[in-house]
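Note sheet for the following structure.
Keep in mind that what you see is a predicted model, and the values were worked out from it rather than measured. All values below come from the heavy atoms of this structure, side chains included, with hydrogens, waters and symmetry mates left out. Naming: A, B, ... by sequence-line order, numbering from 1 per chain.
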Number of protein chains: 2
Amino acid sequence: MAMKEFLRTKGFKMTPQRDLIFKSFFEMDRHVSVDELYDRVRQLNSSVGYSTVWRNLKLICKIGLAEEVNLGDGVTRYDRVTKVPHGHMYCLKCKELIEFNVDHIMDFLTVTANENNFLPEGYKIEIQGYCAKCRETMSEDNGDRLT
Amino acid sequence: MAMKEFLRTKGFKMTPQRDLIFKSFFEMDRHVSVDELYDRVRQLNSSVGYSTVWRNLKLICKIGLAEEVNLGDGVTRYDRVTKVPHGHMYCLKCKELIEFNVDHIMDFLTVTANENNFLPEGYKIEIQGYCAKCRETMSEDNGDRLT
DNA sequence: CTGAAAATGAAAGTCGTTTTCATTAACGTG
DNA sequence: CACGTTAATGAAAACGACTTTCATTTTCAG
C-alpha cells in the first residue's frame with residue numbers, strides 16, 4: 001500500500017484502474033509504448049480505457065518513476081527511471097532496446113555542458129543499428145539502404 | 001549543375017521546385033523542420049506545395065545529405081550531414097540546438113557496440129536542458145517541474 | 001455519510017506526417 | 001525538335017499517435 005500513500009502526498013488518488021496500470025507497467029519489459037501497456041492491461045481488465053492508460057503513464061512520468069523515450073519511429077516509449085543513467089542500443093529491425101552503462105560518457109557530457117554554460121536536465125545516448133539476433137537473419141532480406 | 005547530375009545518377013530529375021528547396025535547405029540554419037523550410041520556400045515561390053517540400057526533405061535524407069533528428073517534441077527536424085558526428089544540446093525553452101564535438105565518446109560507443117555484437121548505423125548524443133541565454137530569463141518564470 | 005476533488009471511459013479533436021490521384025514537367029531517345 | 005516514359009508536383013484526403021473534452025463515477029478527508 002506504499003504507492004497509495006505516495007500518491008496521496010502529491011494529491012492523487014488511488015483507483016483500481018490505476019493500481020492495475022501501475023503494477024502492469026512495473027512488471028512489464030522496460031520501454032513499453034502506450035499501446036503495449038494498454039493491451040496488457042486489457043488482458044487483465046477489459047474495461048479500462050485507453051486514455052486512462054495514457055494518463056497514468058504520464059502520471060508515472062510526472063512523479064518521476066519513468067521517462068519518455070523517443071526513438072524517432074513515431075512512438076513514445078516509457079522507460080522506468082533507474083538511479084543510474086544509461087544509454088540505449090536501438091535495433092532498427094526488431095525495435096528492441098538494449099541498455100548500456102554510460103558512466104564514462106557522463107563525465108564528458110557534464111564538462112561539455114558546463115563549458116557552454118548549459119544547464120543539463122537530461123541526457124540521451126543512443127546507438128541505432130542491428131542487434132546480434134537480427135544480424136543473423138540479415139543475409140537474405142536486407143534493410144532499406146539508399147536508392 | 002553538379003547536383004542535377006548527382007540526382008540523375010540515382011534516377012531522380014531536377015525541377016525548379018526541387019532546386020529551390022535544396023538551395024534553401026542548405027542555406028538555412030541547420031536543423032530545420034518541414035514547416036520552417038516550407039515557410040522559407042514559400043517566400044521565394046508561393047506556389048510550391050507543402051508535400052513537395054516534405055518529399056524533397058525526405059529525398060535529401062535518402063541521398064545521404066541530411067538526417068532526421070527527433071527530440072521528442074513531436075517535430076522532426078532535418079540536420080545536414082557533416083563528416084564529423086556531433087552531439088546536440090537541446091534547449092527546452094527556446095528549442096535551439098547547439099552542436100558539440102563527440103570524438104571522445106565515439107570510441108566508447110564503438111567499443112560498446114562491438115561488445116554486444118551490435119552493428120551500429122547511427123548515433124545520437126543529446127543533452128537536454130537550458131541554454132545560457134534562457135538561463136538568464138529564468139528567474140521569474142520557471143519551467144514545469146513535477147507536481 | 002457526504003461533498004469536494006480527482007479519475008474514468010468514450011468520443012472527438014489535434015497536429016505532424018504520409019499517401020493518393022489527377023495533372024504537369026523532365027529529359028533520353030528517335 | 002517532338003515524343004513517350006517516367007518522375008515530380010500540388011491539393012486534398014488519409015493516417016496515426018497523442019491529447020483533450022465532457023458527462024459520469026469514484027475516491028477519500030472531514
(request) Just jot down the side-chain hydrogen bond (donor to acceptor under 3.5 Å, both in side chains) partners of A:Lys23, sequence neighbours excluded, or say none. (result)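 Residues passing side-chain hydrogen bond (donor to acceptor under 3.5 Å, both in side chains) with A:Lys23: A:Asp19.
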
(request) Could you tell me which residues satisfy side-chain hydrogen bond (donor to acceptor under 3.5 Å, both in side chains) with A:Asn114, sequence neighbours excluded, listed by chain and number? (result)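 Counting only residues at least two positions away or on another chain, A:Asn114 forms no side-chain hydrogen bond (donor to acceptor under 3.5 Å, both in side chains).
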
So, is [X] near the phosphate of [N], with a side-chain N or O under 4.0 Å from OP1 or OP2?
{"X": "A:Thr15", "N": "C:dT8", "answer": "yes"}
{"X": "A:Gln17", "N": "C:dA7", "answer": "no"}
{"X": "A:Lys4", "N": "D:dC28", "answer": "yes"}

Mind calculating the distance between [atom1] ([X]) and [atom2] ([N]) to the nearest angstrom?
{"X": "A:Trp54", "N": "D:dT21", "atom1": "CH2", "atom2": "P", "answer": "11 Å"}
{"X": "A:Glu36", "N": "D:dC18", "atom1": "CD", "atom2": "P", "answer": "11 Å"}
{"X": "B:Asn56", "N": "C:dT18", "atom1": "CG", "atom2": "C1'", "answer": "15 Å"}
{"X": "A:Asn45", "N": "C:dT8", "atom1": "CG", "atom2": "C1'", "answer": "12 Å"}
{"X": "B:Leu59", "N": "C:dT17", "atom1": "CG", "atom2": "C1'", "answer": "17 Å"}
{"X": "B:Met3", "N": "D:dA8", "atom1": "CE", "atom2": "P", "answer": "14 Å"}
{"X": "A:Met14", "N": "D:dT25", "atom1": "CE", "atom2": "P", "answer": "23 Å"}
{"X": "B:Leu20", "N": "D:dA8", "atom1": "CG", "atom2": "P", "answer": "16 Å"}

(request) Return each pair, listed once, that meets salt bridge (Lys or Arg N to Asp or Glu O under 4.0 Å) where at least one residue sits in residues 36-56 of chain B; pairs must be two or more places apart or across chains. (result)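 For residues 36-56 of chain B, and leaving out neighbouring residues, the salt bridge (Lys or Arg N to Asp or Glu O under 4.0 Å) pairs sorted by first residue read B:Glu36-B:Arg77.
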
(message) As a quick check of understanding, evaluate side chain to side chain donor-acceptor pair (under 3.5 Å) for B:Ser47 and B:Asn45, giving each step before the final call.
(response) CA-CA 6 Å; B:Ser47 71; B:Asn45 178 347; 2.7 Å; yes

Between N or O atoms, less than 3.5 Å apart, protein on one side and nucleotides 11-16 of chain D on the other: list the pairs.
{"unit_1": "D:dA11", "atom_1": "N6", "unit_2": "B:Ser51", "atom_2": "OG", "d": "3.3"}

Members besides [X] in its Ile/Leu/Val/Met/Phe/Trp/Tyr cluster (side-chain heavy atoms under 4.5 Å):
{"X": "B:Val84", "result": "none"}
{"X": "B:Val75", "result": "none"}
{"X": "B:Leu109", "result": "A:Met89, A:Ile98, A:Phe100, A:Val102, A:Ile105, A:Met106, A:Phe108, A:Leu109, A:Phe118, A:Tyr123, A:Ile125, A:Ile127, B:Met89, B:Ile98, B:Phe100, B:Val102, B:Ile105, B:Met106, B:Phe108, B:Phe118, B:Tyr123, B:Ile125, B:Ile127"}

(message) Suppose we screen for ring pair (Phe, Tyr, Trp, His ring centres under 6.0 Å). Which residues come up paired with A:His31, at least two apart in sequence or across chains?
(response) A:His88

(request) Using ring pair (Phe, Tyr, Trp, His ring centres under 6.0 Å) as the criterion, list what pairs up with B:Tyr38, not counting sequence neighbours. (result) B:Tyr50

(request) Side chain of B:Thr52 only, please: which of C:dT19, D:dG10, D:dT20 is the nearest? (result)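 In terms of side-chain proximity for B:Thr52, the closest of C:dT19, D:dG10, D:dT20 is D:dG10.
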
(request) Measure from the side-chain N and O atoms of B:Lys93 to the backbone N and O of B:Thr137, and report whether any donor-acceptor pair falls under 3.5 Å. (result)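 Flag set: sc B:Lys93 to bb B:Thr137 pair under 3.5 Å.
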
(request) Evaluate the salt bridge (Lys or Arg N to Asp or Glu O under 4.0 Å) criterion for residues A:Glu67 and A:Arg80: first the C-alpha distance (whole Å), next the side-chain angles of each, then the deciding distance (0.1 Å), finally the verdict. (result) CA-CA 6 Å; A:Glu67 287 182 336; A:Arg80 267 184 271 156; over 6 Å; no

Return the polar atom pairs (N/O with N/O) between nucleotides 3-7 of chain D and the protein under 3.5 Å, or none.
{"unit_1": "D:dT6", "atom_1": "O2", "unit_2": "B:Lys13", "atom_2": "NZ", "d": "2.3"}
{"unit_1": "D:dA7", "atom_1": "O4'", "unit_2": "B:Lys13", "atom_2": "NZ", "d": "3.1"}

(request) Can you sort out the partners of B:Glu68 under salt bridge (charged side-chain N to carboxylate O under 4.0 Å, His left out), two or more places apart, ordered by chain and number? (result)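 Here the qualifying residues are B:Lys58.
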
(message) Among residues 66-78 of chain B, which ones have heavy-atom contacts with DNA chain D below 4.0 Å?
(response) none

